[in-house]
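Lettering follows sequence order; numbering is per chain, from 1.
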Amino acid sequence: MTTNIQTAVNQLAEHVGQVVTLRGWVYKMRSSGKIAFIILRDGTGLCQCVFEKNEQTESIFGDVKKLGQESAVEVTGEVNKEERSVGGYELKATQVKIVHGTQDYPITPKPHGIDFLMKHRHLWFRSQRQWHILRIRATVVDQIRRYYNDNGYVLIDTPIFAPAAGEGAQTLFKVDYFGDPVYLAQTGQLYVESACMAHGKVYCFGPTFRAEKSKTRRHLTEFWMVEPEIAYASLSEVIDVAEDFICSIVKRVLHDHRDDLVELGRSLEDVEAITKPFVRLTYSEAAELLRGPKAKELLENDLKQKTSRIADLEKEIVELEETAKGGGKQWQKDKAAAQAIDSREELAELQEQVTNIPHHMRLAAEFEWGSDLGGSDETIISRLHDRPTFVTHYPKGCKAFYMREDRGDERVVENFDLLAPQGFGEIIGGSAREEDLDRLLARIEEEKLPLEDYEWYVDLRRYGSVPHGGFGLGVERTVAWICGLKHIRETIPFPRMMGKVYP
RNA sequence: UCCGCGGUAGCUCAGUGGUAGAGCAAUCGACUGUUAAUCGAUCGGUCGUAGGUUCGAAUCCUACCCGCGGAGCCA
């Protein structure tokens, strides 16, 4: 008697013709009178297991047919190459061990609403799409660490309990710390600045917390951020690092996850186009661009395209509704009804966008030097370029106190944002830091910040102060961008958003 | 915080004042190559909550709760 080989779905190619055992869960189940198909999910991939009813399987066949979705099973059988099967291989099953039979698994292979899925997040990430996304996230996180570790940076873990309210107190989570108020960290930057004076090149990487009352597709209250900080670096050197870093992440994901990206419906071509050099614009140039003919043309074309799409959709919906109500097979009617729902959703979204476009056009056309770039402005700029775009040198007034004043133009600071292309928006914010003691003190006073909270930080300008700079990259926004996802909530295992902490 | 849309079966949704509906899921049965299988049957309801109008309310009115999308702010 031969011993069965214990293996995993992604190893099946090496076992063609052999009898193996797979351990996993029932992803989907179909059966006829004398044949049953289990799509088995084992964490490494999907494999179709075929049960034919014969002398060998007679005793278990009835039980197999009754397996509910997500039942835990161990299946033994011979591995065959099979075109018709997901992944190209299938198991001709002869034995099955039911580890845990399951009934009434809530997430069926039919469509579900986002609220329902979010409430079942603990189960939802068993679904294929979520599985692809979280695998890519894991690689992005690994590449972040690898990039800095391989390039001479020292990891500095910064605290999560932060004493200072200071900057943006209304977006801080307040925590009771033995009777005194402290705040969950929004950034490790000030700490990492002090560490870079000890180690030269450092980075911190961990969760950060923002109590922003924003419910949008780009916001979480708990998200992961990596923040490198480099001593003696100028603004342009920091930007070079950011550019090289992003390219390394993109390259790694393209290398390790082509299949996952394709399954997610992401255009590989678009991802492959993310190469050096990125576009670099100053804030003033961006402002010109917004007020200029290109932005106007972009939005006018948008308006035209969306308006004609709306007309098409309206026609389509009428046709679908007729199909759904008319004769024909039930499943055809269902399909039409489901498509009509999708189309109506798209229609509603487009109609809202169309009503917003004139407003965006006005915002762009009337953009005034000195105000911060709004969401729609960022979208316009990033859509005018097919590569990521750095926007630098913002007006001092709309940026943080620690950013270095441009010595040639004191109205602006030496900062930059990186806007991901195709309208994904900001994924990095960074700057050169003010190294001059007097200028820093003046800025703290201007912003009316409590100096006593920042004494330790100001100390860095008293003892061997040098030019330095760094940036923060949001992991979830980066994953959403690379995967081509509309919403950030799927890029983190358990999203925390305003009004949402379960499960 | 503001604006828009929504809440009907476990899920996705129809239902504009007159008996509470469909598909899927679940349960039972048929079917040896299925890919959201198919076919037949069964089961399934506090119509978000509270009040009001009416002979009669899922449907109209008021308030509140929850969700989604957008704005502001941000990575």
Q: Using the C1' atom in both, what is the distance from G69(B) to A26(B), to the nearest Å?
A: 33 Å
Q: When both hydrogen-bonding distances must be under 3.5 Å and the geometry is Watson-Crick or G-U wobble, what is A26(B) paired with, if anything?
A: U42(B)
Q: Could you tell me whether H120(A) contacts a base, only the sugar-phosphate backbone, or nothing, with contacts defined as non-hydrogen atoms closer than 4.0 Å?
A: nothing
Q: Please state the P separation for the pair U62(B) and U53(B) - nearest whole angstrom.
A: 15 Å
Q: How would you label the contact of L473(A) with the nucleic acid (heavy atoms, under 4.0 Å): base, sugar-phosphate, or nothing?
A: nothing
Q: Is it true that the side chains of Q130(A) and R121(A) contain a donor and an acceptor less than 3.5 Å apart?
A: yes
Q: Tell whether E212(A) reaches the base of G72(B) with its side chain through a donor-acceptor pair below 3.5 angstrom.
A: no
Q: Could you work out the separation of G23(B) and A14(B) based on their C1' atoms and round it to a whole Å?
A: 11 Å
Q: Does a salt bridge link R129(A) with E490(A), judged by any charged N lying under 4.0 Å from a carboxylate O?
A: yes
Q: Can you figure out which of A25(B), C74(B), U34(B) approaches the side chain of T108(A) most closely?
A: A25(B)
Q: Is the aromatic ring centre of F223(A) closer than 5.5 Å to the centre of the six-membered base ring of A75(B), with the two planes inclined by less than 30°?
A: yes
Q: How close or far is atom P of A75(B) from atom CD of E227(A), stated in whole angstroms?
A: 9 Å
Q: For P111(A) and V50(A), take the nucleotide of RNA chain B holding the closest heavy atom to each; which residue's nucleotide lies nearer the 5' end?
A: P111(A)
Q: Provide, to the nearest angstrom, the distance between the CD atom belonging to E82(A) and the C1' atom belonging to U34(B).
A: 11 Å
Q: Across nucleotides 26-32 of chain B, 5' to 3', mark each nucleotide with B, S or - according to how protein heavy atoms within less than 4.0 Å reach it.
A: SS---BB
Q: Measure the distance from NZ on K215(A) to P on G4(B) and round it to the nearest whole Å.
A: 15 Å
Q: For E90(A), answer base if it contacts any base atom (sugar-phosphate contacts may also be present), sugar-phosphate if it contacts only those atoms, and nothing otherwise; contact means non-hydrogen atoms under 4.0 Å.
A: base
Q: Watson-Crick or G-U wobble partner for C31(B), using a 3.5 Å limit on both distances?
A: none
Q: Determine the contact category for P106(A): base if any of its heavy atoms lies under 4.0 Å from a base atom, sugar-phosphate if only primed atoms, P, OP1 or OP2 are that close, otherwise nothing.
A: nothing
Q: When all nucleic acid strands are considered with a 4.0 Å heavy-atom cut-off, which category describes S376(A): base, sugar-phosphate, or nothing?
A: nothing
Q: If I pick the C1' atom on U19(B) and the same atom on C61(B), what distance separates them, to the nearest angstrom?
A: 26 Å
Q: Only pairs with both distances under 3.5 Å count, Watson-Crick or wobble alike; so what is the partner of A57(B) in this structure?
A: none
Q: Take atom P in U42(B) and the same atom in A22(B), then report the distance between them in whole Å.
A: 11 Å
Q: Taking pairing as Watson-Crick or G-U wobble with both contacts under 3.5 Å, can you name the mate of C68(B), or confirm there isn't one?
A: G4(B)
Q: How far does the C1' atom of U8(B) sit from the matching atom of G4(B), given to the nearest Å?
A: 22 Å
Q: Between R126(A) and E70(A), does at least one N-O distance fall below 4.0 Å, as a salt bridge requires?
A: yes
Q: Of M497(A) and I488(A), whose nearest nucleotide on RNA chain B comes first from the 5' end?
A: M497(A)
Q: If I take atom CG in residue D115(A) and atom P in nucleotide C13(B), what distance separates them, rounded to the nearest angstrom?
A: 11 Å
Q: Ignoring the backbone of H219(A), work out which of G33(B), A75(B), A37(B) is nearest its side chain.
A: A75(B)
Q: When the distance from CD1 of I38(A) to C1' of A37(B) is rounded to whole Å, what number comes out?
A: 16 Å
Q: Tell me: NZ of K306(A) to C1' of G70(B), nearest whole Å?
A: 13 Å
Q: Looking at Y394(A), does the NZ or CZ of K399(A) lie under 6.0 angstrom from its six-membered ring centre and within 45 degrees of the ring axis?
A: yes
Q: For U59(B) versus C73(B), give the span between their P atoms, rounded off to a whole number of Å.
A: 40 Å
Q: Side-chain donor or acceptor of Q48(A) under 3.5 Å from a matching atom on the base of U34(B)?
A: yes
Q: If you only use heavy atoms from C-beta on, which nucleotide in A75(B), G33(B), C68(B) is closest to the side chain of R489(A)?
A: C68(B)
Q: Figure out the CD1/P separation between I114(A) and C13(B), and round it to whole Å.
A: 12 Å
Q: When you measure from the side chain of R217(A), which nucleotide among G70(B), A75(B), G33(B) comes out closest?
A: G70(B)
Q: Salt-bridged, R137(A) to D142(A), with N to O below 4.0 Å?
A: no
Q: Heavy atoms under 4.0 Å, any strand shown: does I39(A) hit a base, just sugar-phosphate, or nothing?
A: nothing
Q: Would you check, one step at a time, whether the test salt bridge (Lys or Arg N to Asp or Glu O under 4.0 Å) holds for R280(A) with E243(A)?
A: CA-CA 11 Å; R280(A) 298 188 189 196; E243(A) 185 181 73; 3.6 Å; yes
Q: Please give the nucleotide sitting opposite A14(B) as a Watson-Crick or G-U wobble pair, both distances under 3.5 Å, or none.
A: none
Q: For Q48(A) and L91(A), run side-chain contact (heavy atoms from CB on, under 4.5 Å): C-alpha distance rounded to whole Å, both residues' side-chain angles, the deciding distance at 0.1 Å, then the answer.
A: CA-CA 6 Å; Q48(A) 176 162 275; L91(A) 221 62; over 6 Å; no
Q: Closest to the F116(A) side chain: G33(B), G67(B), U12(B)?
A: U12(B)
Q: In the structure shown, which nucleotide is the Watson-Crick or G-U wobble counterpart of A50(B), with both distances under 3.5 Å?
A: U62(B)
Q: Assess, by modelled atom type and distance only, whether the side chains of T57(A) and E52(A) contain a donor and an acceptor separated by less than 3.5 Å.
A: no
Q: Taking side chain to side chain donor-acceptor pair (under 3.5 Å) as the criterion, tell me which of E193(A), R433(A), R404(A) meets it with H468(A).
A: E193(A)
Q: What integer number of Å spans the C1' atoms of C13(B) and G18(B)?
A: 24 Å
Q: Look at the side chain of K110(A) against the base of A25(B) and say whether a donor-acceptor pair falls under 3.5 Å; ignore hydrogens and angles.
A: no
Q: Pick base, sugar-phosphate or nothing for N356(A), based on heavy-atom distances below 4.0 Å to the nucleic acid.
A: sugar-phosphate
Q: Taking the minimum atom-to-atom distance to the side chain of R30(A), which one of G33(B), A37(B), C74(B) wins?
A: A37(B)
Q: Using a 4.0 Å heavy-atom cut-off across all strands, classify H112(A) as base, sugar-phosphate, or nothing.
A: sugar-phosphate
Q: Answer yes when R383(A) and D302(A) have at least one side-chain N-carboxylate O distance shorter than 4.0 Å, and no when they do not.
A: yes
Q: Taking NZ from K119(A) and P from C11(B), how many angstroms apart are they, rounded to a whole number?
A: 9 Å
Q: If we ignore angles and hydrogens, is there a donor and acceptor under 3.5 Å between the side chains of D244(A) and Y147(A)?
A: yes
